Amino acid sequence: MERLPSRALFVVDRNVYESWPVLREYTQDKRVYLLDASESRKTLEETENLYEFLFKHQTVEPLVAIGGGITGDLTGYASATFKRGIPLILLPTTLLAMCDSTVGGKCGVNYKGVKNYIGTFKKPDEIFICTEFLTTLPERHLKSGMGEILKYGLIGKEPVLSLLEKEISLQNLQVRPYVEMGLKIKIDVVSRDFFDRDQRNVLNFGHNIAHGLEAVYPKALTHGEAVALGLLTELKLSEELFGLRSDIRTQTRSIMERFGMVTAVDDLPVEKLLDYIKKDKKNDDFLRFTLLSEVGCPEIKQSVAEERIRSALFVIME
Ligand SMILES: NC(=O)c1ccc[n+]([C@@H]2O[C@H](COP(=O)([O-])OP(=O)(O)OC[C@H]3O[C@@H](n4cnc5c(N)ncnc54)[C@H](O)[C@@H]3O)[C@@H](O)[C@H]2O)c1
């Protein structure tokens, strides 16, 4: 904390603030905006509340976000747009944010229930990763972060899947090497296509289905849970369209089961889900997915027929 600028403004996830007395002590004489981090608050209205806070302080000083992906995405968006941009510092406190959302510069909010529909790109000026924050992270959100780590295991060349297979349980897992692997892959991809025009699509593996699932189960699934289910479904699509070996899906599912992650949903409203998938930003006249021809070989912008999606969804139905 001593490395943070003393005159910064802080946006802090309320749960993190309440879990860490040292943080409350550090910020007691500072300007702090407490955020109730939930998808339903990741909105333009909440951004406007944050603008009010910034306006009140007439600031061009750095904005420090302390929290998970929701806090980072919303604060990043406010910092990118307030006065056409003020400095941004990120301190991720969830596994997902540490290994993924903190890097890459994407920020934004949900709009009319559709994920991340309003947003922009903003590189943080500094990022500080302190895995100790994970000691207070609820287990459900630790599992949620594993969704993105599994994605990196599938799209990247790092041996993440075989390493995860040897882990006994989530409770005993040393997260640091996985955070480093995720960051390494993401930084490499983003450095080649920061504005997401082409290659960055590889990071979208699992996400078309995930974003649809989050829209149809807004309260019941976290982002990472939806990603994990999206991976299973899009692995199935990869088998159908690219002949990917089905044992990759078996291996992925068995890791998820060992970690107690969600692998299926009840009463999936398939048509409603498809309607949301059709709204995905990445589509043109066709539904565009990132699929895999091999582990470590993502195939971007693949057109997938609705009928194939309907039948692939069976792999996540209870
Ligand atoms: N910008 C990107 O590139 C990118 C990438 C992936 C995901 N995302 C976004 O990230 C969001 C999900 O973020 P997330 O999974 O990090 O979780 P989150 O921000 O939703 O936080 C999860 C929960 O954990 C609590 N929490 C956070 N850290 C804690 C801690 N250390 N101790 C106790 N409680 C803590 C929060 O209050 C919240 O209730 C989604 O909105 C998703 O769209 C963005």
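Predicted model, so just to flag it, every value in this text is computed and none were measured. Start at 1 and go down the list; that is how both ligands and their atoms are numbered. Nothing fancy with the numbering, it's 1 onward along the sequence.
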Hydrophobic clusters here meaning ILVMFWY residues chained together by side-chain heavy-atom distances under 4.5 Å, can you tell me if [X] and [Y] are in one?
| X | Y | value |
| --- | --- | --- |
| Leu229 | Leu96 | no |
| Phe289 | Phe286 | no |
| Ile168 | Met256 | no |
| Met261 | Tyr178 | yes |

Quick one: which ligand 1 atoms are inside 4.0 Å of a heavy atom on [X]?
| X | answer |
| --- | --- |
| Lys186 | 3 (O) |
| Asn15 | 34 (N), 36 (C), 37 (O), 39 (O) |
| Asp13 | 25 (C), 26 (N), 27 (C), 36 (C), 37 (O) |
| Pro138 | 33 (C), 34 (N) |
| Lys42 | 9 (C), 40 (C), 41 (O), 42 (C), 43 (O) |
| Thr94 | 14 (P), 16 (O), 17 (O), 21 (O), 27 (C), 28 (N) |
| Gly68 | 16 (O), 19 (O) |
| His223 | 6 (C), 7 (C), 40 (C), 42 (C), 43 (O) |

Just to confirm my output: which protein heavy-atom neighbour is closest to [atom], and how far is it?
| atom | answer |
| --- | --- |
| atom 35 (C) of ligand 1 | Leu137 CD1, 3.7 Å |
| atom 24 (O) of ligand 1 | His141 CD2, 3.7 Å |
| atom 28 (N) of ligand 1 | Thr93 OG1, 2.8 Å |
| atom 14 (P) of ligand 1 | Gly69 N, 3.5 Å |
| atom 30 (C) of ligand 1 | Thr136 OG1, 3.5 Å |

Are [X] and [Y] within salt-bridge range, i.e. N to O under 4.0 Å?
| X | Y | value |
| --- | --- | --- |
| Glu39 | Lys219 | no |
| Lys301 | Asp284 | no |
| Asp188 | Lys184 | no |
| Asp73 | Lys106 | no |
| Glu234 | Lys151 | no |

Task: Asn110 side chain to Tyr117 backbone, donor-acceptor under 3.5 Å - done: no
Task: Glu299 side, atom CD; Leu292 side, atom CG - distance, nearest 0.5 Å - done: 8.0 Å
TODO: Rounded to the nearest 0.5 Å, what's the gap from CD1 on Ile248 to CG on Leu161? Could you check?
DONE: 7.0 Å
I want to know if ligand 1 touches [X] in the polar sense, i.e. an N/O pair below 3.5 angstrom.
| X | value |
| --- | --- |
| Glu39 | yes |
| Phe133 | yes |
| Lys115 | yes |
| Lys106 | yes |
| Ile70 | yes |
| Val16 | no |

- [ ] Could you establish whether Glu148 and ligand 1 come within less than 4.0 Å of each other, counting only heavy atoms on the residue side?
- [x] yes
Open item on the list: Please determine whether any non-hydrogen atom of Asn116 lies less than 4.0 Å from an atom of ligand 1.
Closed with: yes
Task: Over all atoms of both residues, closest heavy-atom pair of Lys30 and Phe10 - done: CD-CE1, 3.4 Å
TODO: Identify the heavy atoms of Gly69 and Thr94 that sit nearest to each other, and give their distance.
DONE: N-OG1, 4.1 Å
TODO: Name the option, out of Leu35, Asp73, Asn110, that contains the heavy atom nearest to atom 1 (N) of ligand 1.
DONE: Asp73
Task: Nearest option to atom 2 (C) of ligand 1, as decided by whichever heavy atom of Gly119, Gly76, Cys130, Ser101 sits closest - done: Ser101
